[in-house]
Amino acid sequence: MRNRVLIPRRKVALAFMAHPDDAEISCGGTLIRLRKLGWEVHITSVTAGDCGSMFEGPEETAKTRREEGTRAAELIGATFHTLNEPDGRLVYDREALQKSIDLFRRVAPTLVITMPLADYHADHEITGQLGRAASFVYAAPNASQEPLIDGSQVPYLYYCDGHAGVDRLGVPINPSTYVEVTEQLDSKIEMLSCHASQLEWLRAHNGIDEYLVATRQHSHARGGDIGVSAAEAFVQHRGHGHPADDLLSELFPLFEDDSSSNPSLQASY
């Protein structure tokens, strides 16, 4: 039997990602399920996505991608943010970290999904570092001049899947947590389709054709890991100070027969 999990009283989830379409690809189905449970959901792109075009200039590209991210978030009743850091040139420095902490302070998440610390794209890795650091410190009173919201705490922290389920060296990722997204898959793809500007960009620059299809296929592959049609995979951060019990598995158990009367879903702290 799984250990019982205390559900946070403040139900706010933050997908802290590098680029405007990363959340939809990696955790869109999970965000949809969180919204259905009544969680407040925020999606953040650390970069402006300004390198995501072969034809438009950086300002126009950033504007397009911000609009696409906003439309995708609005489909599920989520809020889109961007820190407007330069795409492809993201660095871990005090300014980027402070912007991240300030955003966390305004949102006050109790559940954070960020990017893997080892992935094919350096922006992804640095975003994961920023997300990890901001998660740990944002609730400290002196970390930001933004007001401290009641209920701020060190959140549950998860790293999303790497591209194709491998790290930057091609080593397969070993997930700690799966969330079934069979019923949410079509809506997840609908969210991703809002990022129309990326269809030609990924084809021209990354050699990825039909990335909507590729996202669907990877969701099915992760589902195959656990015997369902579609799933998303995560690795939970269980370092000192962070909650170590698996909140996502408690909210979305893979076997529903013992969850309907689960008293932990009524508990809070």
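The chain is numbered in sequence order, starting from 1.
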Work out which heavy atom in [X] is nearest to a heavy atom in [Y]; give both atom names and the distance.
X      : Y      : answer
Phe104 : Ser135 : CE2-OG, 3.4 Å
Leu111 : Pro155 : N-CB, 3.9 Å
Ile149 : Arg106 : CD1-O, 3.3 Å
Ala18  : Ser45  : O-OG, 3.3 Å
Val166 : Asp119 : O-OD1, 3.9 Å
Ile226 : Ala231 : CD1-CB, 3.9 Å

Open item on the list: Using the rule that Ile, Leu, Val, Met, Phe, Trp and Tyr join whenever any side-chain heavy atoms are under 4.5 Å apart, tell me whether Val137 and Leu97 fall into a single cluster.
Closed with: yes
TODO: Determine, using the 4.5 Å side-chain heavy-atom cutoff (strictly less than), whether Leu247 and Tyr159 are members of one ILVMFWY cluster.
DONE: no
Can we say [X] and [Y] salt-bridge, meaning some charged N sits less than 4.0 Å from an Asp/Glu carboxylate O?
X      : Y      : answer
Lys188 : Glu232 : yes
Arg216 : Asp186 : yes
Lys63  : Glu59  : no

- [ ] Output, in order, the C-alpha distance, side-chain angles, deciding distance and verdict of salt bridge (Lys or Arg N to Asp or Glu O under 4.0 Å) for Arg65 and Asp21.
- [x] CA-CA 9 Å; Arg65 301 204 69 189; Asp21 57 351; 3.4 Å; yes
What distance do [X] atom [atom1] and [Y] atom [atom2] have between them, rounded to the nearest 0.5 Å?
X      : Y     : atom1 : atom2 : answer
Glu190 : Ile32 : CD    : CD1   : 8.5 Å
Ser187 : Leu75 : OG    : CG    : 8.5 Å
Leu251 : Leu37 : CG    : CG    : 6.0 Å
Phe234 : Cys27 : CZ    : SG    : 5.5 Å

- [ ] For residues 161-180, pull every pair meeting salt bridge (Lys or Arg N to Asp or Glu O under 4.0 Å), keeping only residues two or more places apart or in separate chains.
- [x] Glu125-Arg168, Asp161-Arg222
Task: salt bridge (Lys or Arg N to Asp or Glu O under 4.0 Å) contacts touching residues 40-56 (sequence neighbours left out) - done: Asp50-Arg89
TODO: Tell me, with the steps shown, if Tyr178 and Phe252 meet ring pair (Phe, Tyr, Trp, His ring centres under 6.0 Å).
DONE: CA-CA 9 Å; Tyr178 289 86; Phe252 310 119; over 10 Å; no
TODO: Give me the ring orientation class for His19 and His124: parallel if the planes are under 30° apart, tilted from 30 to 60°, perpendicular past 60°.
DONE: tilted
TODO: Measure the acute angle between the ring planes of His242 and His237, then classify it against the limits of 30° and 60° as parallel, tilted or perpendicular.
DONE: perpendicular
Open item on the list: When you compare the side chains of Glu68 and Ser197, does any donor N or O come within less than 3.5 Å of an acceptor on the partner?
Closed with: yes
Task: Evaluation steps, side-chain hydrogen bond (donor to acceptor under 3.5 Å, both in side chains), between Tyr156 and Asp246 - done: CA-CA 8 Å; Tyr156 287 87; Asp246 190 348; over 6 Å; no
